[in-house]
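Here the structure comes first, spelled out in structure tokens, and everything after it is commentary.
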Amino acid sequence: LEPLDPVRYMSNRSSGKMGYALAKAARRRGAKVTLVSGPTALKPPRDVTLCLVKTAEEMRQAVLAECRQYDVIIKAAAVLDWRPKETAEHKIKKGRGVQTLELVENPDILAELGCSRGNSPCILVGFAAETQDLIANAQEKLKKKNLDLIVVNDVSREDAGFEADTNAVKILYRDGHLEELPLMPKEEVAEQLLDRIKSLREKSL
Ligand code: C5P
């Protein structure tokens with residue numbers, strides 16, 4: 001989230017459920033896990049290193065500090081693309097008529113990881129929350145952010161994406177291969193994704 005003043009903030013509808021499910025599933029499989037999380041109401045999984053952040057810049061710092069020690073980075077967080085240019089020190093008072101909010105772009109954490117990874121064998125996984133042209137948009141993100149695979153969410157569906165306990169995702173690979181998974185609990189989506197990531201990793205070693 002991005003604060004406007006001490007009592008207001010900009011955020012989005014992400015619940016964090018998909019990221020937490022992935023962290024829990026990876027831990028259960030024996031991985032060492034760091035979960036970098038924005039504000040959420042969820043209970044963190046046991047035995048993972050929890051790194052709580054608020055803003056995109058804080059998330060960026062945390063991810064960059066941790067990323068080198070990991071074989072797999074999964075970026076499930078719905079990072080806000082913009083933040084207010086200024087954060088007021090005190091509560092902004094009403095009664096000043098129409099207000100214009102000036103926004104600046106946030107850093108793209110995943111693109112920064114992807115574009116600086118060189119020959120590192122680390123597997124980089126992104127998510128794409130889309131409401132239209134799902135595959136074309138995801139394909140562009142996969143390329144631009146230099147990812148190994150991208151998980152495509154149709155967030156206009158009620159039973160999938162933001163806030164839901166279930167998700168119906170499509171998995172798009174670097175070679176253009178597309179795999180469609182049926183609607184299932186996010187815990188199961190996490191298991192399916194980790195299976196795919198494991199085989200990618202085995203192939204790249
Ligand atoms: O471009 P878009 O925001 O849709 O891309 C989604 C993917 O990029 C997600 O994996 C998300 O975690 C990551 N992202 C990021 N930093 C941003 C915006 C998105 O790491 N500022």
Side-chain angles (χ1 to χ4, degrees), residues 1-3 9-23 25-26 33-40 42 50-68 70 72-85 103-117 120 122-157 160-164 167-174 178-179 181 186 189-190 192-194 196-197 200:
L1 62 82
E2 303 289 347
Y9 59 81
M10 289 173 65
S11 190
N12 60 46
R13 289 181 50 202
S14 168
S15 63
K17 284 177 190 164
M18 196 60 244
Y20 275 54
L22 279 160
V33 177
T34 292
L35 174 60
V36 180
S37 168
T40 152
L42 301 174
L50 183 65
C51 186
L52 292 175
V53 297
K54 285 202 179 77
T55 65
E57 184 51 39
E58 285 171 19
M59 179 170 278
R60 174 177 173 270
Q61 297 288 341
V63 169
L64 294 181
E66 293 287 337
C67 65
R68 273 179 224 299
Y70 282 100
V72 177
I73 300 176
I74 308 174
K75 196 76 191 37
V79 186
L80 217 60
D81 292 315
W82 306 274
R83 65 176 182 275
K85 190 170 177 208
L103 302 176
V104 292
E105 237 177 85
N106 264 334
D108 190 318
I109 306 164
L110 191 55
E112 198 169 328
L113 290 177
C115 298
S116 65
R117 68 177 173 156
S120 146
C122 175
I123 303 283
L124 203 51
V125 178
F127 274 70
E130 305 290 349
T131 57
Q132 56 186 2
D133 298 331
L134 268 63
I135 304 306
N137 281 326
Q139 217 142 22
E140 202 184 307
K141 279 173 197 174
L142 179 136
K143 236 173 128 182
K144 198 174 123 209
K145 304 190 191 209
N146 196 20
L147 309 177
D148 295 291
L149 68 83
I150 191 156
V151 186
V152 195
N153 267 327
D154 179 352
V155 289
S156 60
R157 284 176 62 148
F162 292 145
E163 295 155 348
N167 211 355
V169 302
K170 297 177 177 56
I171 306 173
L172 184 64
Y173 297 85
R174 241 179 136 82
L178 181 73
E179 202 182 350
L181 300 185
K186 283 183 174 168
V189 177
Q192 299 271 341
L193 287 177
L194 292 179
R196 307 308 189 275
I197 292 165
L200 271 188

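Atoms within each ligand, like the ligands themselves, are counted from 1 in listed order.
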Can you list, by chain and residue number, every protein residue with a non-hydrogen atom closer than 4.0 Å to ligand 1? K75, A77, V79, D81, P107, D108, I109, L110, G126, F127, K141, K145
Backbone N/O of F162 and side chain of S15: donor-acceptor pair under 3.5 Å: no
Would you say N146 and R174 are linked by a side-chain donor-acceptor pair, where the criterion is simply a distance under 3.5 Å? yes
Would a distance-only check, ignoring hydrogens and angles, find a side-chain to backbone donor-acceptor pair under 3.5 Å from E2 to L80? no
V125 side chain near I150 side chain, heavy-atom distance below 4.5 Å: no
Regarding R117 and D148, does a basic nitrogen lie under 4.0 Å from an acidic carboxylate oxygen? yes
Looking at R196 and E179, is any side-chain nitrogen of the basic one under 4.0 Å from a carboxylate oxygen of the acidic one? yes
